Amino acid sequence: MAEFLAGYSGLLDAISFVFVVVSLAGFALTASFSKASLTIVVDLAYPVGLLGSLLGWIIMLTNQSDPKAIGPAIAISFLTVLYAAVIHGL
């Protein structure tokens, strides 16, 4: 099992995951967890993921002193969209 998870370690980023989950949980709390409101929260998953990517790009582009770090930073910024897609699929 550890070997399987080691191959996917690049898909795990705690900050991106927390941003998406906490944002959507905040929407769910304000909507009082009714079925209709949870449907709206799931529909908001993609915009929240895109917002997280946009924030990641802004942070990355303000710190361009190391050009070799831009590629991995872009990859991590796209993880918010991946997490949003997974939550949307649930």
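Each residue takes its place number in the sequence, starting with 1. Since this is a predicted model, take the numbers as computed values, not measurements. Only this structure's heavy atoms are used, side chains among them; waters, hydrogens and symmetry mates stay out.
- Under the 4.5 Å side-chain heavy-atom criterion for grouping Ile, Leu, Val, Met, Phe, Trp and Tyr, Leu24 is connected to Tyr83 within one hydrophobic cluster.
- Residue pairs that meet the side chain to side chain donor-acceptor pair (under 3.5 Å) test with at least one member in residues 17-28, sequence neighbours left out, do not exist here.
- Of the inter-residue distances, the one linking Ile87 atom CD1 with Leu82 atom CG reads 10.0 Å to the nearest 0.5 angstrom.
- Cluster note: Leu61 groups with Leu54, Trp57, Ile58, Met60, Ile70, Ile74, Phe78 through ILVMFWY side-chain heavy atoms spaced under 4.5 Å, whether in direct contact or through intervening members.
- Considering all non-hydrogen atoms of both residues, Gly49 and Ala84 come closest at CA-CB, 3.9 Å.
- Remark: of the listed residues Leu50, Val48, Val86, Val20, Leu50 is the sole one forming a side-chain contact (heavy atoms from CB on, under 4.5 Å) with Val81.
- The side chain to side chain donor-acceptor pair (under 3.5 Å) pairs that include a residue from residues 39-52 number zero, where partners must be two or more places apart or lie in different chains.
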